[in-house]
Participant: 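Supplied in structure tokens, the structure appears directly below.
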Amino acid sequence: MKKYDDLVVGAGLFGAVFARQAADAGRKVLVIDKRPNIGGNVYTEAVEGIQVHKYGAHIFHTNNREVWDYVNRFAEFNRFTNSPVANYKGELYSLPFNMYTFNKMWGVVTPEEAAWEIERQREAAGITEPANLEEQAISLVGTDIYEKLIKGYTQKQWGRPCSELPSFIIKRLPVRLTFDNNYFNALFQGIPIGGYTGMVANMLEGIEVRLNADYLEDKETYDSLADRVVYTGPIDAYFDYRLGTLEYRSVRFETELLDMPNFQGNAAVNYTDAETPWTRIIEHKWFEFGKDSDGNDLPKTVISREYSSEWKPGDEPYYPVNNDKNNNLYLSYKELAEKEDHVIFGGRLAEYKYYDMDAVIASALECTRKAGL
Ligand code: UDP
């Protein structure tokens, strides 16, 4: 008899949801994480009364009612709507690409004029079947927007030319012929009041959690504790990189506490030129208080400049680089993973997938169902 039924490796969203479902089904669960905190990359911590998104901005959005109801069991959500601003060499544009953007870019006033201008630029570029992010972007919004709002930002974020990136990345962004700056096409959107850490803590309530516990450092001992392992770390690390290393983008944040109530007037400002070294600046207080005067009651503000870099061993992996080379390598690792019959691999790092939070939760719920929980 082993001490636990399930050992969940990683206290991020996948791990926390799996652990909750397993515990509710009566299983004895141990969650471990190598970091000193729960929450994975959605971890938030309070600085001067402001919830700081320490591993990058996370805005919860979903069309999946089951997932929305699920997260609302563990947190109350505010009514934050993501509407980032793009700063191209001091020119400000609304995001996602919508009538406000088109009006500022071209002076067009009606949806018909905007559609016509996009069509004109698409035809001039001669793209019929977009084969990469560059061609996909131009065919969605035309050359001007590609040059000013997409090219520099994307190349900074991914460290690769847009012509070498998969087109699905840009399809994350809506293109609208309406005056609507809501970044997401989602029925439900918001940020947990009090931060994501509290939400994950509520998911893990009553479940044993060990922090600063590195599974791969002492795999045999941990494996001996439980009948089943749910592994949410990097899949290539699990197999000691034996087939090669999967590429990731890493992100570094320069976070500052500023002695002013309002630095940029918005939660996210993207710097879309190629020269500015950071990709975006996050002003964390605006995630919490909405855009009304309440936030101005706090005399200070916390901002994070976000710098993107190629991942190397020892760095935090953030975005999987889902090009053909990496996807094929992942598939080879997946074959190995399928042979580990007492281990479930799930989440962004174990599935090598550019996952939104709601999709991770949906996947964890599906996984627990398949496991008979
Ligand atoms: N993107 C862009 N300009 C922007 C914002 C986004 O070109 O101002 C593109 C870029 O290719 C990026 C992709 O859209 O990688 C997805 O952006 P999103 O904001 O969804 O990325 P995340 O928030 O996940 O980092």
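None of the values given here were measured: they were computed from a predicted structure. Both counts, for ligands and for their atoms, begin at 1 and track the order of listing.
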Participant: Which ligand 1 atoms are under 4.0 Å away from a heavy-atom of Tyr183?
Facilitator: 5 (C), 6 (C), 17 (O), 18 (P), 19 (O), 20 (O)

Participant: Determine whether a donor-acceptor pair (N or O, by modelled atom type, separation under 3.5 Å) exists between the side chain of Asn326 and the backbone of Asn322.
Facilitator: no

Participant: Can a cation-pi geometry be assigned to Arg172 and Tyr354, taking NZ or CZ under 6.0 Å from the six-membered ring centre and within 45° of the ring axis?
Facilitator: yes

Participant: What part of Arg249 sits under 4.0 Å from ligand 1 if we count only heavy atoms: the side chain, the backbone, both or neither?
Facilitator: neither

Participant: So is there a nitrogen or oxygen of Thr272 less than 3.5 Å from a nitrogen or oxygen in ligand 1?
Facilitator: no

Participant: What residues, two or more places apart in sequence or in another chain, satisfy salt bridge (Lys or Arg N to Asp or Glu O under 4.0 Å) together with Glu113?
Facilitator: none

Participant: Heavy-atom contacts with Trp158 under 4.0 Å: which atoms of ligand 1 show up? List them by number with element.
Facilitator: 15 (O)

Participant: Taking distance alone, with no angle check, do Leu149 and ligand 1 share an N/O pair under 3.5 Å?
Facilitator: yes

Participant: Show which atoms of ligand 1 fall inside a sub-4.0 Å distance from at least one heavy-atom site of Leu95.
Facilitator: 8 (O)

Participant: Do any N/O atoms on Gln157 end up under 3.5 angstrom from N/O atoms on ligand 1?
Facilitator: yes

Participant: My understanding is that we take every heavy atom of each candidate and find the minimum distance to atom 14 (O) of ligand 1. Doing that for Val269, Leu173, Leu133, Asn270, which one comes out nearest?
Facilitator: Leu173

Participant: Looking at Ile170, which atoms of ligand 1 are within less than 4.0 Å of one of its heavy atoms?
Facilitator: 9 (C), 14 (O)

Participant: Is the backbone N or O of Asp273 less than 3.5 Å from a side-chain atom of Lys151, with the two atoms forming a donor-acceptor pair by type?
Facilitator: no

Participant: Please work out which of the three classes, parallel, tilted or perpendicular, describes the rings of Phe77 and Trp68, given edges at 30° and 60°.
Facilitator: tilted

Participant: Do Met260 and Lys300 have side-chain heavy atoms sitting under 4.5 Å apart?
Facilitator: no

Participant: Does atom CZ of Arg79 have more than 12 heavy-atom neighbours from other groups under 6.0 Å away?
Facilitator: no

